[in-house]
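Contents: one structure, followed by commentary.
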Number of protein chains: 2
Amino acid sequence: MNTAIADTQQQILAAALHRFASCGYAGTSVQDIVDTARVTKPTLYYYFANKAGLYQALVASAHDERFRLMQEAATRGDTLEEQLVEILTALFDYSRGHRELMRVAFATAFASPDELPEGVDYTAKCERNFEFMHSLIKKGLQTGALDGHFDSKELAFGVYGLMNVYVMAHLMMPECKLDRPTAKQVVDLFLSGAAAKKTAPNGTAKRRKP
Amino acid sequence: MNTAIADTQQQILAAALHRFASCGYAGTSVQDIVDTARVTKPTLYYYFANKAGLYQALVASAHDERFRLMQEAATRGDTLEEQLVEILTALFDYSRGHRELMRVAFATAFASPDELPEGVDYTAKCERNFEFMHSLIKKGLQTGALDGHFDSKELAFGVYGLMNVYVMAHLMMPECKLDRPTAKQVVDLFLSGAAAKKTAPNGTAKRRKP
DNA sequence: TCACAAACCTACCGAACGGTAGGAAGAAGC
DNA sequence: GCTTCTTCCTACCGTTCGGTAGGTTTGTGA
């Protein structure tokens, strides 16, 4: 029965995500997961090779979904500024709706190698995701939309880092807003420095907030 | 014997830091720590109440040292820009020299409540440290050094977040430079947007890199 | 109707966990 | 010489860990 298979498997994945997000990898026992999923331990080992495989599946899905969202969002903007706002908005929305997954992903990123099971290739996926942003920035430098005094990597690091800082802040302080207006503010703060100044004679460049 | 006391205690602290940084809180066993410190388990419990107390001591020292460094660095600058460069440089230097402690501190920040022992008041110390930066930014807004279009919290979030992003990047990718030139670049990127534009008629505001 | 395979179970394994009881070693004071 | 205190030890406690052996249930195709 396909639905039953997927059902139990998804139940285990959801339970594992909940437990890993609450207690970390080492702090979560397989017993915790199967109890939450209302199945037994051998059932989990029927669907997943081991505890590590379960974790890897979750982390990989987080990075892949972020990558997909960024690509999709970038097509919805014509200028670099529009693209950035779309990307940040998409990732903010996703992060709001998947806080536990984001927590697991960031905890994985800042965990030491020995803390996690070997073979979690999160660095490659992180780099791939960053390089997508980097490619947009490089294009922005070529078209003259961005200030050529800055290095492309430094700029990409700026937006990408700032974006992630907001996501992380939302993880630590849920009251921290994570919506389109916030995305616009972040892009505005970034671009007002990064964008090549267009010789505004009276000294006030385009700015949104009154 | 005072030196012997401090010696064994420091040995345990150093070993605990090393193990916690490598394997996380839950992933580190007390046996690991005492083996690394070349003492036995009861010796550890002679100096520390429990595994949690050991961890708390380490995390608290990291945040307190960062706070002290920021305060001290701020006195070494006259303008806001100088202060920011000094602060970032000081924290970058410290982070380079204490990577394991930084790793533990950040891992703690992004860990879930249940992952760590209760009573780790890292949020209060995080807030205190952020508010110090926030106070500098508010002063910068009052003196007109910063663009009043932005919210003080948003701006403080910008620099503080950007600074921490670089520290985190250095944790993940040690080849990522973390020195005074980097600090200057970060402040430059931040201020070129956040600083009130000084009506440069030819459109090029002060910028450092040629 | 019956063989078969997928789905899921109870019950258990050896190992490692955090923490402790109780004492040995050695210097200090008398 | 004897007591006392600090420092650190061996040996062990009960519990939980990740993982498995071996079997039962259940729907399916012939």
Side-chain angles (χ1 to χ4, degrees), chain A residues 1-59 104 108 111-112 114-120, chain B residues 1-59 104 108 111-112 114-120:
Chain A
M1 235 160 281
N2 251 338
T3 68
I5 291 178
D7 203 43
T8 302
Q9 198 168 11
Q10 288 303 314
Q11 217 167 340
I12 293 173
L13 275 172
L17 171 59
H18 187 62
R19 300 304 298 156
F20 282 140
S22 288
C23 307
Y25 180 76
T28 297
S29 71
V30 175
Q31 195 62 52
D32 283 343
I33 298 173
V34 299
D35 286 350
T36 305
R38 297 176 183 281
V39 297
T40 59
K41 223 188 297 189
T43 302
L44 182 146
Y45 281 96
Y46 179 79
Y47 286 106
F48 299 93
N50 46 32
K51 185 184 171 185
L54 197 44
Y55 191 82
Q56 288 167 354
L58 289 170
V59 173
V104 169
T108 303
S112 298
D114 297 358
E115 187 169 359
L116 301 170
E118 57 195 19
V120 183
Chain B
M1 253 160 276
N2 250 336
T3 69
I5 291 177
D7 203 44
T8 301
Q9 199 168 11
Q10 288 303 313
Q11 216 167 341
I12 293 172
L13 276 171
L17 170 59
H18 187 62
R19 301 304 299 156
F20 282 140
S22 288
C23 308
Y25 180 76
T28 297
S29 71
V30 175
Q31 195 63 53
D32 284 342
I33 298 172
V34 299
D35 286 351
T36 304
R38 297 176 183 280
V39 297
T40 59
K41 225 191 293 190
T43 301
L44 182 146
Y45 282 95
Y46 177 79
Y47 286 106
F48 298 93
N50 47 32
K51 184 182 170 185
L54 198 43
Y55 191 82
Q56 289 167 352
L58 288 170
V59 173
V104 169
T108 303
S112 297
D114 297 358
E115 188 169 358
L116 301 171
E118 58 196 17
V120 184

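Everything numeric in this text was worked out from a predicted model, so none of it was measured. Quick note: numbers below take in every heavy atom, side chains included, and nothing from hydrogens, waters or symmetry partners. Convention: sequence-line order gives letters A, B, ...; per-chain numbering from 1.
Residues that satisfy the side chain to side chain contact (heavy atoms under 4.5 Å, CB included) test with Ala26(B), not counting sequence neighbours, are Ala26(A). Residues satisfying the side-chain hydrogen bond (donor to acceptor under 3.5 Å, both in side chains) test with Asp35(B), not counting sequence neighbours, are Gln31(B). Residues passing the side-chain hydrogen bond (donor to acceptor under 3.5 Å, both in side chains) test with Thr43(B), sequence neighbours excluded: Thr40(B). Judged as a side-chain hydrogen bond (donor to acceptor under 3.5 Å, both in side chains), and not counting sequence neighbours, the contacts of Ser29(B) are Asp32(B).
Remark: C1' of dT16(D) and CG of Asp35(A) are 12 Å apart, rounded to the nearest angstrom. dC8(C) atom C1' lies 15 Å from atom CZ of Phe48(A), rounded to whole Å. Here the C1' atom of nucleotide dT6(D) and the CG atom of Asp7(B) are 16 Å apart, to the nearest Å. Between the CG atom of Leu44(B) and the C1' atom of dC9(D) there is a distance of 14 Å, given to the nearest Å.
OP1 and OP2 of dC8(C) both lie 4.0 Å or more from every side-chain N or O belonging to Thr40(A). Using a 4.0 Å cut-off, no side-chain N or O of Thr8(B) falls inside it from OP1 or OP2 of dT7(D). For dC9(D), the OP1/OP2 oxygens have no side-chain nitrogen or oxygen of Tyr46(B) closer than 4.0 Å.
Going from atom OH of Tyr47(A) over to atom OG1 of Thr8(A) covers 4.5 Å, rounded to the nearest 0.5 Å.
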**Request:** Any chance you could list the contact pattern along nucleotides 14-20 of chain C? Use B for base contacts, S for sugar-phosphate-only contacts and - for none, protein heavy atoms under 4.0 Å, 5' to 3'.
**Result:** ---SBBB
Under 3.5 Å, sequence neighbours excluded: what are the donor-acceptor pairs made by side chains of residues 16-25 of chain A?
unit_1, atom_1, unit_2, atom_2, d
His18(A), ND1, Glu100(A), OE2, 2.6
Ser22(A), OG, His18(A), O, 3.0
Tyr25(A), OH, Ala52(A), N, 3.4

